[in-house]
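All heavy atoms count here, side chains included; hydrogens, waters and symmetry mates do not.
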Amino acid sequence: MKILIFFVVIFLATCDGNVLKHEHGSTNQIFPLQMKSGPGGHYIPDLSCASWRVGVEAHNIINWKTIPKECEKYVGNYMLGAQYRADSKYVNREGYYYAKTLNISGDGKDIWVFDIDETTLSNLPYYAKHGFGVEPYNEVAFNEWVEVGAAPALPESQKLYNKLLSLGIKIVFLTGRPLKQKNSTATNLKNAGYHTWEKLILKDTTKYHGKTAVTYKSSERKKLEKEGYRIVGNIGDQWSDILGTNIGQRTFKLPDPLYYIS
């Protein structure tokens with residue numbers, strides 16, 4: 001059912017003028033995404049924007065604030081299309097193949113660290129309304145969206161989550177969301193199908209004020225290891241999720257050309 005909802009979001013966001021309706025009754029106007037068509041009505045990608053996306057995913061383009069304006073439609077089509085889903089599938093599939101090779105101890109200390117935004121939960125309904133990364137980050141608007149708690153699960157990440165649980169690996173969610181959003185985040189995770197976890201760690205903004213995501217997440221992973229946990233895997237959409245210290249036995253980078261977090 002949750003995967004179906006994800007596809008409904010994608011379908012609606014590709015339709016000019018549609019409105020996305022949530023279960024709680026509120027609506028979001030969907031950003032009108034125009035397809036760039038060639039012979040036979042096939043989509044023609046902007047090759048310079050495709051190269052820009054590869055540069056972003058390879059971490060060669062860093063510290064950017066917004067995507068290039070001319071790449072808005074390209075990024076929108078990528079995020080709402082089959083390629084994004086396929087890229088996500090390949091990353092999560094490799095994660096599962098790796099996890100199957102592990103000798104799980106059975107003492108409850110083998111954990112897999114998941115980021116949340118654009119890793120376990122998708123904010124595509126928000127970005128469909130706010131321009132697929134061309135608008136500067138609006139903290140107020142995004143926090144309002146988070147409090148609604150309507151973000152759908154990313155289907156391929158949810159498959160990995162369920163498979164890891166079946167292997168006896170426990171899940172830790174480690175997010176840059178502030179502590180004040182813990183209740184709304186926990187509710188959203190459960191409603192999206194992430195029914196259990198070992199820990200849900202949100203950012204103490206008083207302690208980590210002015211610190212980078214790399215510093216914050218490294219410190220929290222170090223705490224986990226001091227508590228006796230073994231980080232057998234670590235997955236996120238940002239390089240800052242998987243760089244730094246105490247990164248775990250193996251890391252996995254999901255695609256995300258919408259924004260950059262250092």
Side-chain angles (χ1 to χ4, degrees), residues 1-3 5-6 9 20 22-26 28 79 88 92 111-130 133 137-162 164-165 169-209 211-221 223-224 227 229 231 233-238 240-242 248 252 254 256 258-262:
M1 180 61 181
K2 299 300 180 182
I3 294 176
I5 291 174
F6 182 86
V9 169
L20 178 67
H22 299 298
E23 293 178 1
H24 50 78
S26 66
N28 282 331
M79 294 299 296
S88 180
N92 283 290
I111 62 172
W112 194 292
V113 176
F114 277 79
D115 175 52
I116 291 182
D117 294 300
E118 274 56 68
T119 299
T120 48
L121 296 177
S122 171
N123 296 302
L124 272 178
Y126 172 85
Y127 286 104
K129 181 179 178 181
H130 292 272
Y137 174 64
N138 186 323
E139 183 176 3
V140 173
F142 186 75
N143 285 342
E144 288 175 351
W145 158 251
V146 169
E147 288 300 329
V148 169
L154 278 161
E156 300 302 334
S157 295
Q158 192 168 60
K159 288 179 183 178
L160 175 62
Y161 162 89
N162 287 322
L164 293 175
L165 289 176
I169 299 172
K170 295 195 172 181
I171 305 300
V172 170
F173 292 114
L174 174 57
T175 175
R177 292 183 177 190
L179 271 174
K180 63 182 180 181
Q181 293 177 343
K182 189 164 189 176
N183 288 340
S184 59
T185 299
T187 299
N188 195 163
L189 286 168
K190 287 183 178 293
N191 288 341
Y194 297 99
H195 50 84
T196 187
W197 52 80
E198 182 73 1
K199 288 180 179 288
L200 171 58
I201 303 171
L202 287 84
K203 187 176 182 180
D204 183 343
T205 53
T206 59
K207 178 179 179 180
Y208 292 107
H209 178 71
K211 304 294 185 181
T212 65
V214 171
T215 299
Y216 156 61
K217 293 201 168 186
S218 294
S219 178
E220 293 300 321
R221 291 191 300 261
K223 287 182 184 178
L224 289 169
E227 292 172 11
Y229 291 105
I231 303 174
N234 180 8
I235 188 168
D237 66 296
Q238 298 290 314
S240 55
D241 297 328
I242 57 177
F252 297 86
L254 286 166
D256 183 5
L258 289 171
Y259 52 84
Y260 179 88
I261 299 176
S262 62

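For the atom pair OH of Y126 and CH2 of W145, the computed distance is 10.0 Å after rounding to the nearest 0.5 Å. Between atom OG of residue S157 and atom CZ of residue F252 there is a gap of 12.0 Å, rounded to the nearest 0.5 Å. Rounding to the nearest 0.5 angstrom, the gap separating the CZ atom in R221 from the CD1 atom in I231 is 6.5 Å. In this structure, NZ on K129 lies 13.5 Å from CG on N123, to the nearest 0.5 angstrom. The structure places OG1 of T185 at 11.5 Å from NZ of K180, a figure rounded to the nearest 0.5 Å. Of the inter-residue distances, the one linking L121 atom CG with D115 atom CG reads 9.5 Å to the nearest 0.5 angstrom.
Inter-residue side-chain proximity for F114 and L164 is flagged as met; some heavy-atom pair is nearer than 4.5 Å. Side-chain contact between W197 and K190 is present, with at least one heavy-atom pair separated by less than 4.5 Å. At a threshold of 4.5 Å between non-hydrogen side-chain atoms, the residues D241 and V113 do not count as touching. Considering only heavy atoms from C-beta on, K159 stays 4.5 Å or farther from N92 through its side chain. Looking only at side-chain heavy atoms (C-beta outward), P125 and P152 come within less than 4.5 Å of each other. Side chains of F142 and D117 form a contact here, defined as non-hydrogen atoms less than 4.5 Å apart. Considering only heavy atoms from C-beta on, T119 stays 4.5 Å or farther from F173 through its side chain. Between D237 and Y259, the closest side-chain pair of non-hydrogen atoms falls below 4.5 Å.
For T196, the side chain to side chain contact (heavy atoms under 4.5 Å, CB included) partners are Y161, L165, not counting sequence neighbours. Shown here are the side chain to side chain contact (heavy atoms under 4.5 Å, CB included) partners of S240, two or more places apart in sequence or in another chain: A213, V214, Q238, I261. In this structure, Y229 has no ring pair (Phe, Tyr, Trp, His ring centres under 6.0 Å) partners at least two apart in sequence or on a different chain. Taking the side chain to side chain donor-acceptor pair (under 3.5 Å) definition, one finds that T212 meets it with T215, sequence neighbours left out. Under the side chain to side chain donor-acceptor pair (under 3.5 Å) criterion, N234 pairs with no residue at all, not counting sequence neighbours. Every residue two or more places apart in sequence or in another chain that forms a side chain to side chain contact (heavy atoms under 4.5 Å, CB included) with S184 is listed here: V146, E147, Q181.
Using a distance-only test at 3.5 Å, with no hydrogens or angles considered, a donor-acceptor pair links the side chain of Y216 to the main chain of K203.
Considering every non-hydrogen atom in both L202 and P178, the closest pair reads CD2-O, 3.1 Å. For the pair K217 and G176, the tightest heavy-atom approach, listed with the atom from each and the gap, is CE-N, 4.2 Å. Nearest heavy atoms, S88 versus E156: OG-CB, 3.6 Å.
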- Give the intermediate values and the outcome of salt bridge (Lys or Arg N to Asp or Glu O under 4.0 Å) for residues K199 and E220. CA-CA 11 Å; K199 288 180 179 288; E220 293 300 321; over 6 Å; no
- Message: side-chain contact (heavy atoms from CB on, under 4.5 Å) for E118 and L254? Distances and angles first, verdict last.
- Response: CA-CA 8 Å; E118 274 56 68; L254 286 166; over 6 Å; no
- Given the rule in the side-chain contact (heavy atoms from CB on, under 4.5 Å) test, do I201 and L224 qualify, once you have shown the distances and angles that lead to the verdict? CA-CA 10 Å; I201 303 171; L224 289 169; 4.1 Å; yes
- Item | Worked check of side-chain contact (heavy atoms from CB on, under 4.5 Å) between N162 and H195 | CA-CA 10 Å; N162 287 322; H195 50 84; 3.9 Å; yes
